[in-house]
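The structure presented is a predicted model; accordingly, all values stated were derived computationally and were not measured. A, B, ... follow the sequence lines: proteins, then strands. Residue 1 opens every chain.
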There are 2 protein chains.
Amino acid sequence: MVREALAALLGLEGDIEVVAQVARGEDVVGAARDAGAQVALLDIEMPGAMTGLDAAAAVRAELPQVRVVIVTTFGRPGYLRRAMEAGADAFLVKDAPAGQLAEAVRRVLRGEKVIDPVLAAAALSEGADPLTPRERDVLRAAADGSLNADIARRLHLSEGTVRNYLSTAIQKTAARNRAEAVRIALERGWL
Amino acid sequence: MVREALAALLGLEGDIEVVAQVARGEDVVGAARDAGAQVALLDIEMPGAMTGLDAAAAVRAELPQVRVVIVTTFGRPGYLRRAMEAGADAFLVKDAPAGQLAEAVRRVLRGEKVIDPVLAAAALSEGADPLTPRERDVLRAAADGSLNADIARRLHLSEGTVRNYLSTAIQKTAARNRAEAVRIALERGWL
DNA sequence: TCCCGCGGATGACAGATGTCATGGGTGTGG
DNA sequence: CCACACCCATGACATCTGTCATCCGCGGGA
């Protein structure tokens with residue numbers, strides 16, 4: 001519904017034409033190629049296995065002439081960082097005024113980058129993700145309230161190892177327990 | 001951005017006119033009255049103190065002739081229940097096709113109720129919220145990973161009492177610890 | 001009147017969690 | 001070759017968490 005609504009909004013602009021819409025990240029590259037798109041507008045949170053950031057990287061790799069605009073619900077600095085690493089040209093949050101959307105499309109077509117300066121500052125001041133891949137796995141597995149034993153079974157680890165990884169993750173996030181660590185890592189876009 | 005986009009979408013329909021838009025729940029009743037709206041379209045998750053459900057109840061109380069359509073990101077059965085209790089005429093989730101939005105507006109104007117039958121069945125089979133107000137408070141306070149001592153201080157309770165309330169909440173949600181209880185209660189729309 | 005649910009509290013106990021020291025193996029870069 | 005980071009594990013320990021029994025006071029129904 002939101003996708004179709006944003007398409008309607010862009011369609012009202014005389015100089016912009018919506019040439020394709022897809023629901024899943026896996027379908028982005030194909031649709032963009034078939035429709036001859038000049039700009040791809042992607043949400044980070046999408047159904048399916050592929051996130052909008054993955055789709056952005058795929059577009060950048062396979063259709064380098066296509067500009068990528070990321071629109072997301074959550075203005076997490078970590079998202080911005082990862083979007084830039086994935087090769088995005090613009091990064092917008094959904095609670096920005098609607099006019100910024102069309103404006104961003106026009107500007108990336110002129111070769112400009114479009115980034116909220118406040119968010120950019122936050123992303124830079126925050127520092128990079130300090131978690132190792134395994135710490136991320138364990139933290140993600142702990143997010144739903146699983147017991148250490150469950151996590152150990154799911155990741156084929158010993159229970160003590162799970163405790164060790166969680167302990168380091170808790171310290172790196174400056175949290176006091178796993179729940180706080182999960183919340184902080186989520187806010188920072190590290191999961 | 002999403003609000004303006006949905007307004008653009010509805011504006012494309014010949015028989016529907018968007019007469020007002022507001023960002024915060026507190027402004028809904030005033031704007032609906034001033035604009036002479038026939039239908040109020042409300043999101044549950046809104047900035048400001050007033051949720052969309054509160055706004056729905058306010059509209060129902062002060063402008064009884066105005067139909068209320070709830071649109072929400074999360075199709076939680078508890079949300080549906082609370083929306084109906086607040087006097088909503090329609091309940092839509094945002095990942096439904098865009099056409100359903102205009103269709104719902106037309107149908108509530110004809111006096112019909114619009115509810116996804118799958119969600120209705122889920123809401124009925126799930127049973128009502130079993131939590132007492134205090135259990136809800138404590139569970140909400142525990143959601144961010146606070147220690148028992150923090151929660152006790154924040155709610156002016158003893159630490160043991162916090163443990164007791166959490167224990168009963170954990171049993172009522174059939175969870176194994178507080179984190180799981182929080183997740184389940186959130187999914188059910190009990191918080 | 002009596003019972004029951006709710007709010008609030010205490011104490012005791014078992015189990016889960018977080019920390020630390022310490023060990024091993026692997027791979028990568030200087 | 002050595003240092004270093006990462007991965008995985010164990011054991012010990014302190015603390016936090018979850019459960020249970022038990023108590024008090026209050027108010028609403030039967």
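- Closest-nucleotide positions on DNA chain C for A:N148 and A:Q171 were compared, and the one nearer the 5' end corresponds to A:N148.
- Residue contacts for A:T161: at a heavy-atom cut-off of 4.0 Å it reaches a base atom on one of the strands shown.
- In this structure, NE2 of A:H156 is placed 17 Å from C1' of D:dA9, rounded to the nearest angstrom.
- Atom-to-atom, CZ of B:R176 to C1' of C:dA16 comes out at 12 Å; the value is rounded to the nearest Å.
- In this entry the distance linking CD1 of B:I170 with P of D:dC20 reads 11 Å, nearest Å.
- Summarising the geometry, the separation between CD1 on A:I151 and C1' on C:dA16 is reported as 12 Å, rounded to the nearest angstrom.
- Scanning atom types as modelled, one donor and one acceptor separated by under 3.5 angstrom connect the side chain of A:N164 and the base of C:dC20.
- At the phosphate of D:dT10, OP1 or OP2 sits under 4.0 Å from a side-chain N or O atom of A:S158.
- Judged by atom type and distance alone, B:R163 reaches the base of D:dG18 through a side-chain donor-acceptor pair under 3.5 Å.
- If you find the closest nucleotide of DNA chain D to A:Y165 and to A:G160, the one lying nearer the 5' end belongs to A:Y165.
- Rounded to a whole Å, the CG atom of B:N177 is 11 Å from the P atom of D:dT17.
- Look at CZ on A:R178: it is 11 Å from P on D:dT17, rounded to the nearest Å.
- Between the P atom of C:dT17 and the CG atom of B:L147 lies a distance of 15 Å, rounded to the nearest Å.
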